[in-house]
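What follows is a short report on a single structure.
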Amino acid sequence: MLRRRAIAATMLVGLPALLYYLSGCLTYADGTLAPPRILLDALRLAAPTATAVTLYLAWLLLQAALQLVAPGKIREGTRLADGSRLRYRLNGWFAFWATWIIVLAVVRAGWIPPSIAYDEFLPLLTTANIAAFALAAFLFWWGRRSPDPRRTGDPLDDYVMGVALNPRVGRLDLKFFCESRPGLILWVVINASLAARQYELFGRVTTPMLLVNAFQFLYVADYFFNEEAILTTWDIRHERFGWMLCWGCLVWVPFMYSIQAYYLATHPHELPAVAIAAIAALNLIGYVIFRAANLQKHRFRTDPARAVWGRPPDYVRTADGSLLLASGCWGIARHLNYLGDWMMGLAWCLPVGFARPVPWFYIVYFTILLIHRERRDNDMCRSKYGAAWETYCRKVPWRIIPGIY
Ligand code: NDP
């Protein structure tokens, strides 16, 4: 427990500090790895402004309202430990496009300057941090109504890792909502605003900026187009909703994943046509692998008889009756979806070029995240499925990259 507490405390302090450090490196050190004291320079400019607080609150309210009232199909999640199934309103596709229409209308009306996310980046980051820490405190308290039996009961651990699996306030499922709406959509809105800043500064939007915006827009749009597939992911099924997930979704995703666009906003360079084609191909291949693998698992879990690549699926039956798909992408590696995701992440970093290290932070972090996540998932599946998991691992020995890892 001491170790868990130390990790929790380190994450609570270290991850926000890292984000301010990276922002400091981009803002004051031209994307180089500056001495840690640059963190203090970033913090000096990071106090929430009235504009940032107003914008962020309006943003949260808009996204919550869309989640609650926008049209969308209702689907049941996977079966919970008590045998019940929660119902989810899948209106993300509508909410995503409605948000863009509202954002463009507000900018066009002149109420908000297009490059506001650049000017208010640090105050917005602090505002989002405050919101995430406060929401996690609420979750800690609210979650006690329906605590997950796996929680440790230690206050620090419970705050960070969460108390409840699926906390809901009325019709609002807080985890499902925070997983995507306020963070993922904000990420690509920030990206567009950073492109606008580049245009204001240099009179053009460069190809690298267009590539980064287009790739990440595709990633987020795809998420909402296939929103149903999120219901069978690890986060929704197994992760308690506490500070870690809440902060990750509200703060880390929009403010760290926009790192390439932030750098490019003040670094206008161009790429040779061959590099553009190669990067676009990498992103496309990564996307096809990622999407195919995630859809195959989702479809198999909802309809196990459905053909995979034109053949009846090969699978391993577990003791509790769940089936592990062992054909298609899931017969090539146990997490080919991670490989596709990683290839896309690389394609997002390549347009920034090799002049500065900080915009490459994303792929370093993402590599560590995916390796760690795969190992954690592997351990969990082994303890859950026992011999059936071992059989699956013998059938499909590769973890992420066939033939290599
Ligand atoms: P997966 O969608 O791969 O889900 C893993 C779960 O699927 C396992 O716990 C197990 O759960 C089930 N499973 C494992 N093997 C099989 C099999 N052979 N057949 C059927 N079911 C199986 O993992 P994640 O939720 O981690 O990732 C989902 C997507 O989100 C990935 O594409 C990932 O790259 C992406 N992602 C992106 C992040 C980002 O920051 N960009 C962060 C995290 C994820 P059970 O048996 O209990 O159903």
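Just so you know, ligand 1 is whichever comes first in the structure, and atom 1 is the first atom listed for that ligand.
Here Phe133 and Trp243 bring their ring centres to under 6.0 angstrom of each other.
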Tabulate below the donor-acceptor pairs under 3.5 Å that side-chain atoms of residues 345-365 make, not counting sequence neighbours, or state none.
from   : atom 1 : to     : atom 2 : distance (Å)
Trp348 : NE1    : Asn283 : OD1    : 3.2
Trp348 : NE1    : Met344 : O      : 3.3
Arg356 : NE     : Asp30  : O      : 2.9
Arg356 : NE     : Asp30  : OD2    : 3.3
Arg356 : NH2    : Asp30  : OD2    : 2.8
Trp360 : NE1    : Gly353 : O      : 2.8
Tyr365 : OH     : Trp252 : NE1    : 3.2
Tyr365 : OH     : Tyr257 : OH     : 3.0

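The existence of a salt bridge linking Arg5 and Asp154 is confirmed by a sub-4.0 Å separation between a basic side-chain nitrogen and an acidic carboxylate oxygen.
Taking the salt bridge (Lys or Arg N to Asp or Glu O under 4.0 Å) definition, one finds that Arg376 meets it with Glu239, sequence neighbours left out.
Sorted by first and then second residue, the ring-ring contact (aromatic ring centres under 6.0 Å, His included) pairs with a member in residues 15-42 form an empty list; sequence neighbours excluded.
Using a 4.0 Å heavy-atom criterion, the residues that approach ligand 1 are Tyr219, Thr233, Trp234, Arg237, His238, Tyr257, Phe290, Asn294, Lys297, Arg301, Leu323, Leu324, Leu325, Trp330, His335, Asn337, Tyr338, Asp341, Phe366, Leu369, Arg373, Asp377, Cys381, Lys384, Tyr385, Trp389, Tyr392.
Aromatic ring pairs are classed by plane angle as parallel below 30°, tilted from 30° to 60° and perpendicular above 60°; the pair Trp187 and Tyr219 is perpendicular.
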